[in-house]
Each structure stands twice: as structure tokens, then as C-alpha cells.
Amino acid sequence: MLDLVTASKPQHPPWGPRLKAQSGKLDVSILGPLTIRRGTETLGAHELGGPKPRQILEILLLHLGAPVSKGRLIDLLWEGQAPAVALPTLESHVSVLRRHLQPGTGKAGPLKTVTGGYLMDRALVNLDLDRFDVLFRLAAQTEPCRALSFLTEALALAPAPLLGGELLPAWAEEERAMHASRVVEAKVLAAEAACSLGDSETAIAWATAALEDDVLAERAWTVLVLGLEATGQLTAALRAFDRCRHVMDKEMGCAPGPVLRAAHARLLQCTAAADAGAMEKVLEIAGMASVRRPASIAVGGPESAAAGRLVLAVGCDAGFVDLLTEALDREPDLQSIGAATTVESGVALKRALKPDAVIMTYQLPDGTGLEAARQMLLESPETRIVILTAECTPAALCEASALGVCAFLPEDGPLALILDTLRHVKTGNMLVHPSIVARLGEGGA
């Protein structure tokens, strides 16, 4: 472990600990607490002569190799409220900083005076932030295997925030935020590189790490969902998509992009196909031979498109209906055409508005969703009806199948499932969500 230089050594000058002149090049870390090393000696953030000298060093390090004018330093140090003696005070702080960084060398060390300002000499400073940025740029210019190696090395340098010990100045917050965004981008790029190499576990890990920092990183959500899909974790992938959709809707008022939506459609199709055999067995146990086997959700072809599909919402709770209609109106391919809270008003609106699809809860104040569906389908058999329920009986499912109801979904299920079912569901088959079927099986046992 590196030895700390203590002020108790007799050879130290009265201004405190300093690095030996003959120690050579500086190794500086500003990702996390500021730390300066030369040889076997180390200086911490509180061993540079005070807050202002420390901040001067930090600003110069953030512009490594480039001059920073005295005027710019004054503006940053005093945040636009510099005293009349700011210039001589700044020069005094720089002198103090030099004595700590390069004692005995005057102006010959890393901290150099240039016309109208100062700079930290890149040739005499190894800076972790500089190394991070170099690796980040290299990763963007090479193939995935090497890019993943560069990014992994870069991210190992950045486990903590930039200037983690600097809490007050506005400039420190701004620089920290910009670096944090680069770290998120590096994690996303690492996830994408691993995904392209077929290393799904690494892709999932980096995507998850990126989302811990920025939950709105859609590319990270994309890699996470694709990685979970590739490793056969279909339920987890569906949950991830639902979280992504919820966050993007709440925070940005938009929906996931086409790659994520296509993945979601595949996941729905795969889970429906995977559960079909088990679902059929449960239905047989429950004595439901007349209920058709659930159809796979069709995707990709023109016949499966639901562009401009008009939807009537019917529910026992007005607040729930309002939320559902708002969600429908945010979708580019779905549109709320009306809302009702009873069987009677729902049937009347269906007759008047002629929607393409109806989404309604099973329990209504004046009857059930099945009673409403019976009246609606007698008049318009082609109407796609989706019913939401907390639980259901085998007899109700048999009746729904005979009527021509298209789907039964859990009332507490994800909004994304409801919307995608409305998009893709077809008449002629009844889709029953596996969670509802599982409850039937438990009841039959």
C-alpha cells in the first residue's frame, strides 16, 4: 500500500505535506476522490493548501494539456462574484498549489504558466479520466470484440463519480453530470458489443448496470430484453419490456421503439405457444372441452396490422376507464372511441359508435362483461371483445368461447399486454392468459 506523506516529517515546509521533487511524473485520479501520487508518496484532496488551490487543480485537470485563462479560473472559482483582489488571490493560490505539487522545482513541473493562464502538462500527468476517454474513443472505432475489451477497461476506471469529493461548485456538478452520461453510454456500448458477440450474460449485466444509472436508456432496455429472450428467460423479458414501457410512458410520454416492440410481439407469440399444451391439459381437467385452444398472436403480416383500430372501453370504475382511454390515445395504432361504466351504456355506445374492438371488465354494476358481450356480438359478430377479470369459472370461459369473445386477460396484468392483445387478437380463437388458466387448474385439483 502507498505510504501517506505526513506533516510531522521535519523536512516538510510549514505549508504542510508535499511530493518530493525527484519523484517524477504525477499519477492523478479524479474519478472518485482526488488523489495524487508520485513514486511512493500520495496527496489527498485536503493536502493541497485549501479548497481554492484544490479546485484550481481540478479545473486544470479537466482541461488536461490545454491552457485555462486566469479570467476563466476566476469566474469558476468565485462563480461570477469575484472580489476586487481576485487576480492576485488566484496567483497566490497557484503558488501554494505549486509548492505542494512540485516543491523545489518552481515552474518547471506539471503545473505550467502560459500566456494569460495556466495548464497541466499532459506529458507529466497520467490522469484516469484521460485514460477513460481514450479507451472510450478507441472502442467506438473498432470491432465488437476489441471494443468490449476497451470498454471493460474504461469502466473499471470509473466505479465512482467524477470529482466525488467536490460537493459545492456548480462547475463540478456540470462536469460530473457530463461524465456520468459518458459512463452510461460506455455501459450501453459494452452491452451492445457483448450482445453482437452472442455473450448474452455479459450483455444483460452491462445493460442492467446502465439502467441502474439511467432508467430512460432505451438502448439498454433493448439489449436487456433481447438478452433475456436469447437465454430463454421469456417471462423475465416480458417483465423487462413492461417496465420499459411504463417508464417511457410516465417520464417521456412515448412508447418503446420498433426493435423492442418486435421483440415483445415475438415473446408473446413464444409464450403463448409454450403454454398452449399445458393450458389445454388444464382446460381438460376443468371440463372445458368446448373451449378452443388459444391461438398464437399473429405478427408481421398485413392481416395482423391494427392501424387505426377504434376501441371502446367499458369498466366498473370510471377512473380505470379514464386511464385506459388515455393509454389508448397515446398509441399510434389504437384510438379510444368512447367509454362506458355499465352494461347498458356499453351496449348503447357499441351500437352507436361501431368500434373495432371492446375492452371491458368482467364485473360491471348492472351485470357482467359476458352479458354485454352477448348483446354486442349478436349485433356485430366481427367485433373483437377482450375481457379483463381477476378470476373466472370454467363455465364462464365456455360461454365466452361460444359467444365469440376473443380474449380473457388478468385484470391486474400489465398495460402493455392489454394494448398488444387489442392490436393482434383475432376473432375465431379465444386467447386465455396462462395466469387465468393456472387458477382454473388449481381449482380443479
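Positions are given from 1, in the same order as the sequence printed here.
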Flag, side chain of Thr421 to backbone of Leu417, donor-acceptor distance under 3.5 Å: yes
So do Thr341 and Pro365 actually touch side chain to side chain, heavy atoms under 4.5 Å? no
Does any donor atom in the side chain of Ser380 or Lys350 lie under 3.5 Å from an acceptor atom in the other side chain? yes
Look at the side chain of Arg261 and the backbone N and O of Pro256, then say whether any donor-acceptor pair between them is shorter than 3.5 Å. yes
Is the closest basic N to carboxylate O distance between Asp356 and Arg384 below 4.0 Å? no
Once the angle between the rings of Tyr362 and Phe408 is folded into 0 to 90°, is it parallel (under 30°), tilted (30 to 60°) or perpendicular (over 60°)? tilted
Looking only at heavy atoms, the pair that brings Arg54 and Leu34 closest together is CG-CD2, 3.7 Å
Could you grab the distance from atom OG of Ser345 to atom CG of Leu364, nearest 0.5 Å is fine? 8.5 Å
Say whether, by atom type as modelled, one donor and one acceptor occur between the side chain of Ser196 and the main chain of Ala193 under 3.5 angstrom. yes
Can you see whether Ser149 engages Thr152 through a side-chain donor-acceptor pair at a distance of less than 3.5 angstrom? no
Nearest non-hydrogen partners of Leu422 and Arg309, listed with the distance: O-NH1, 2.6 Å
Counting distance only, does the side-chain N/O of Arg37 pair as donor-acceptor with the main-chain N or O of Asp27 below 3.5 Å? no
Any Gln335 side-chain heavy atom under 4.5 Å of Leu328 side chain: no
Considering only heavy atoms from C-beta outward, does the side chain of Val125 approach that of Leu61 to under 4.5 Å? yes
Between Asp420 and Arg423, is there a side-chain N and carboxylate O pair less than 4.0 Å apart? yes
Salt bridge present between Asp214 and Arg219 (N-O < 4.0 angstrom): no
Between Glu153 and Arg131, does any side-chain N to carboxylate O distance fall below 4.0 Å? yes
